[in-house]
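Here's the structure, in structure tokens; my notes come after.
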Amino acid sequence: MVSNKNQLVQQILDNREAPGIIKELNSALETEMQKRQAFYDAMSTEELKTEFINGEVIVHSPVKKQHNDISFSLAMIFEIYADKYDLGYIGYEKIMISLTRNDYEPDVCFFKKEIAVSFTDTQSLFPAPSLAVEVLSKNTAGRDRGIKMQDYAAHGVEEYWIIDPRTKTVEQYFNEDGSFYLHKKSDEGMISCKAITNLTFQIVAIFDKKERRKFIAELTK
């Protein structure tokens, strides 16, 4: 990523219109920052899920029941396990992740204890998590596989899951040098979380309430 940034800077400097280009960029970024501040000011009254991406406010439609069930199941599994072993903090739905330029609300996320210990009860903006999970929908799939994925990786998110409700499939990505690579894609068998230490469970538990209850019952013995 650093190399690409240096190349882009050099391309601008090599252009004879560099001063004008830089002036336009600064003006555009200043306008974007003003829009971002307005977005922050409006967040406290916004009931719908909203994100700020490349200068635009994205308002999401209400989720379908299947989407909500998947997010809830995963948040429960993560929360009960992380709480049992005192591993960190689980965010669910409207946790705003504030990165260098953009702000996202992943469906589920996890912050390791060493990061979460500094969180306050009134905090509304959060740093990059260790793990981010997005449940696909027709309207969000492009961003979940595009700008979000790139941004999460560039900001050091250790692990990224994409869940497809239609195929009941989990894609598990690990971060390597600022980019994600696909570690696992499956609709069956076990999945082992890297960010949440030693957490391993059946993929079906994400989609099947009986399997989720069975896992949680074993976990809470």
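Side chains included, hydrogens not; waters and symmetry mates left out as well; all remaining heavy atoms used. Heads up: numbering here begins at 1 and tracks the sequence.
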Just one of L74, V135, D107 clears the side-chain contact (heavy atoms from CB on, under 4.5 Å) bar with W161, so which one? L74
With E211, which of K214, R213, K209 fulfils salt bridge (Lys or Arg N to Asp or Glu O under 4.0 Å)? K214
Straight-line distance of C109 SG to I95 CD1, nearest 0.5 Å: 6.0 Å
Consider only side-chain heavy atoms of I, L, V, M, F, W and Y, link residues closer than 4.5 Å, and tell whether I80 and Y89 are in one cluster. no
Around atom OH of Y92, are there more than 12 heavy atoms from other residues, nucleotides or ligands closer than 6.0 Å? yes
Common cluster, F72/F207, ILVMFWY with side-chain heavy-atom separation under 4.5 Å: yes
With distance as the sole test, does K84 use its side chain to make a donor-acceptor pair with the main-chain N or O of L219 at under 3.5 Å? yes
Say whether Y104 and F119 are linked into one hydrophobic cluster, either directly or through other cluster members, by side-chain heavy-atom distances under 4.5 angstrom. yes
In the single-linkage hydrophobic clustering (I, L, V, M, F, W, Y; side-chain heavy atoms under 4.5 Å), do F180 and I147 co-cluster? yes
Taking the ring centre of each residue, are F201 and F215 less than 6.0 Å apart? yes
Can E159 and C193 be said to form a side-chain contact (heavy atoms from CB on, under 4.5 Å), step by step? CA-CA 8 Å; E159 187 172 352; C193 186; 3.6 Å; yes
Interatomic distance, CG@D151 vs NZ@K148, rounded to 0.5 Å, equals 10.5 Å
Rounded distance (nearest 0.5 Å) linking atom CD of E171 with atom CD1 of I191: 10.5 Å
Do P129 and F110 have side chains that approach each other closer than 4.5 Å (heavy atoms only, starting at C-beta)? no
Here the gap from Q172 atom CD to I203 atom CD1, rounded to the nearest 0.5 Å, amounts to 8.5 Å
Using every non-hydrogen atom in the two residues, find where L99 and D103 come nearest and quote the distance to one decimal. N-OD1, 4.4 Å
Same apolar cluster: L131 and V170, side chain cutoff 4.5 Å: yes
Measure from the side-chain N and O atoms of H67 to the backbone N and O of P165, and report whether any donor-acceptor pair falls under 3.5 Å. no
Output for pair (M76 CE, S71 OG), nearest 0.5 Å, gives 13.5 Å
Flag side-chain contact, heavy atom, 4.5 Å: I90 against Y81: no
State, to 0.1 Å, how close A75 and V108 come at their nearest heavy-atom pair, and which atoms those are. CA-CG1, 4.2 Å
Please confirm whether Y152 and Y173 have ring centers closer than 6.0 angstrom. no
Quick one: do I115 and S130 satisfy side-chain contact (heavy atoms from CB on, under 4.5 Å)? Show the steps, please. CA-CA 9 Å; I115 301 298; S130 300; 5.5 Å; no
Please work out whether the ring planes of Y181 and H183 are parallel, tilted or perpendicular, with thresholds of 30° and 60°. perpendicular
Check: R145 and L136 side chains under 4.5 Å, non-hydrogen atoms: yes
Between T169 and D187, is any side-chain donor less than 3.5 angstrom from a side-chain acceptor? no
One should read off an interatomic distance between I163 CD1 and I206 CD1, to the nearest 0.5 angstrom, of 4.5 Å
According to salt bridge (Lys or Arg N to Asp or Glu O under 4.0 Å), does anything in residues 109-126 pair up with another residue at least two apart or in another chain? List the pairs. D86-K113, K112-E158
A quick test of your reading: do over 12 heavy atoms of other residues, nucleotides or ligands sit less than 6.0 Å from NZ of K194? yes
Exactly one candidate in N198, L199, T200 meets side-chain contact (heavy atoms from CB on, under 4.5 Å) with I196; the answer is L199
Does atom NZ of K138 have more than 12 heavy-atom neighbours, drawn from other residues, nucleotides or ligands, at distances under 6.0 Å? no
Quick one: are R143 and T140 in side-chain contact, heavy atoms under 4.5 Å? yes
Could you tell me which non-hydrogen atom of A153 sits nearest to which non-hydrogen atom of N175, and how far apart they are? O-ND2, 3.0 Å
Pair Y160-D144, side-chain contact (heavy atoms from CB on, under 4.5 Å): steps then yes or no: CA-CA 10 Å; Y160 183 47; D144 292 341; 3.9 Å; yes
Of all heavy-atom pairs linking S73 and A205, the shortest is CB-O, 4.2 Å
